[in-house]
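This report refers to the structure that appears directly beneath it.
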Amino acid sequence: DPGMRLSLRLLPYSDDLWLLLARDVSKLLRLEHMRRDFVANVSHELRTPLTVIHGYLEMLDADDHPEWAGLLDEMRRQSQRMARLVEDLLTLSRLEARDQLAEEHVAMAPLLATLRREAEALSGGRHRIRVEDEAQVDLRGASKELHSAFGNLVSNAVRYTPDGGEITVRFFRESDGSAVLAVRDTGYGIPAAHLPRLTERFYRVSTSRSRESGGTGLGLAIVKHVLGLHGAQLAIASDVGAGSIFSCRFGRDRILPRDPHLSSPPV
Ligand code: ADP
């Protein structure tokens with residue numbers, strides 16, 4: 001059967017005997033594909049009605065019915081939240097369906113400048129934002145996806161840091177030749193017990209804090225997938241009450257010399 005997929009395990013049995021276990025995982029993989037397609041289809045189908053609702057809500061104004069003002073605001077807020085959720089679900093299922101991404105020269109200087117602008121806009125002056133570009137190299141990868149992954153980390157740092165805190169984006173080289181993009185905040189921090197599950201879809205330390213701050217619960221799952229497609233690793237270190245550091249490590253094979261001509265920001 002050409003469609004059959006086997007998962008193999010070789011186990012030591014005795015001195016000179018090995019046990020080869022073969023498990024038929026075809027059904028498991030088919031189910032996983034169905035789940036992925038279903039989520040992608042539902043998200044896609046939800047887009048159009050949401051756009052319509054959103055459009056009509058924008059047209060309604062509460063001039064004749066002042067008592068509706070708060071109600072309309074809340075409806076707009078919730079429909080925006082739902083739109084963000086649908087977009088994140090679509091992004092995630094697109095990433096899950098890929099074995100690799102089209103690669104290009106990712107210019108890091110303009111990308112870091114864009115991240116700074118986005119952090120400042122999200123923060124609205126409530127945090128100190130610092131960007132330290134020490135690596136002086138670029139990366140080989142998918143610009144749009146990397147931008148979205150780093151952007152999610154920056155947005156989390158802003159959203160989980162009380163006013164007056166500090167967010168630092170640092171791009172540096174390690175002695176082994178790898179390059180690291182680290183996002184550090186002085187925010188709430190994360191209890192150690194939660195760290196292993198943080199990148200699971202919809203896993204949250206505090207559901208109410210995440211909702212209030214506009215989270216979809218999918219940000220870190222997207223980060224993990226994008227980094228995985230780049231052979232990069234995510235490391236999380238956190239101290240409750242002191243803050244967190246999310247580090248994305250790229251191997252030497254991902255590093256390109258900085259190209260001074262590539263100065264336009266990624267789209
Ligand atoms: P959300 O949309 O809920 O922020 P994410 O996948 O981006 O979803 O993050 C998952 C959870 O990890 C968050 O709900 C939050 O509890 C925790 N988290 C993520 N980033 C940070 C951070 N910088 N500081 C504290 N907690 C964080």
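The model shown is predicted, which means the values in this text are computed figures rather than measured ones. Numbering of ligands and ligand atoms starts at 1, following listing order.
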Problem set entry | Salt bridge Arg77-Glu74, side-chain N to carboxylate O under 4.0 Å |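 Yes, Arg77 and Glu74 are salt-bridged.
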
For this session: Please determine if Asp133 and Arg258 form a salt bridge, counting it only when a charged side-chain N lies under 4.0 Å from a carboxylate O.
Result: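 Salt bridge: yes.
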
For this session: Kindly confirm or rule out an N or O of Gly189 lying under 3.5 angstrom from an N or O of ligand 1.
Result: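 Min N/O separation from ligand 1 is not below 3.5 Å for Gly189.
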
Problem set entry | Working for salt bridge (Lys or Arg N to Asp or Glu O under 4.0 Å), residues Arg173 and Glu134 | CA-CA 7 Å; Arg173 291 296 288 278; Glu134 294 159 21; over 6 Å; no

If you measure only the distance, is there a donor-acceptor pair under 3.5 Å linking the side chains of [X] and [Y]?
X: His33; Y: Glu96; value: no
X: Thr207; Y: Arg211; value: no
X: Ser7; Y: Arg23; value: no

[atom]: the protein heavy-atom neighbour that sits closest, reported with distance to 0.1 Å:
atom: atom 21 (C) of ligand 1; answer: Tyr160 CD1, 3.5 Å
atom: atom 7 (O) of ligand 1; answer: Asn156 ND2, 2.9 Å
atom: atom 8 (O) of ligand 1; answer: Gly217 CA, 3.2 Å
atom: atom 5 (P) of ligand 1; answer: Leu220 N, 3.6 Å
atom: atom 11 (C) of ligand 1; answer: Tyr203 O, 3.6 Å
atom: atom 23 (N) of ligand 1; answer: Asp185 OD2, 2.8 Å

Are [X] and ligand 1 in contact, using a heavy-atom cut-off of under 4.0 Å?
X: Ser244; value: yes
X: Phe246; value: yes
X: Arg159; value: yes

With a cut-off of 4.0 Å, which atoms of ligand 1 are near a heavy atom of [X]?
X: Ile190; value: 25 (C), 26 (N), 27 (C)
X: Leu198; value: 12 (O)
X: Thr216; value: 2 (O)
X: Ser210; value: 1 (P), 2 (O), 3 (O), 14 (O)
X: Arg204; value: 3 (O), 14 (O)
X: Gly219; value: 5 (P), 6 (O), 7 (O)
X: Val205; value: 16 (O)

Exercise. Is there a side-chain contact between Arg204 and Arg209, using heavy atoms and a 4.5 Å cut-off?
Worked result: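 Result no, sub-4.5 Å side-chain heavy-atom pair not found.
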
Problem set entry | CZ (Arg140) with more than 12 external heavy atoms under 6.0 Å |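 Buried by this count: over 12 neighbours within 6.0 Å.
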
For this session: Could you state whether Ile222 and Leu101 fall into the same hydrophobic cluster, counting links through intermediate Ile, Leu, Val, Met, Phe, Trp or Tyr residues with side-chain heavy atoms under 4.5 angstrom apart?
Result: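 Yes; tracing contacts between hydrophobic side chains, which count when under 4.5 Å, links both residues.
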
Exercise. Within 45° of the ring axis of Phe172 and under 6.0 Å from its six-membered ring centre, is that where the NZ or CZ of Arg170 lies?
Worked result: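 Yes, a cation-pi geometry.
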
For this session: Take Arg47 and Glu87 through the salt bridge (Lys or Arg N to Asp or Glu O under 4.0 Å) test and state the conclusion after the steps.
Result: CA-CA 8 Å; Arg47 248 179 166 180; Glu87 286 313 310; 2.9 Å; yes

For this session: Examine the proximity of ligand 1 to Thr161 and report which part, side chain or backbone, both or neither, has a heavy atom under 4.0 Å away.
Result: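 The answer is neither; Thr161 stays 4.0 Å or more away.
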
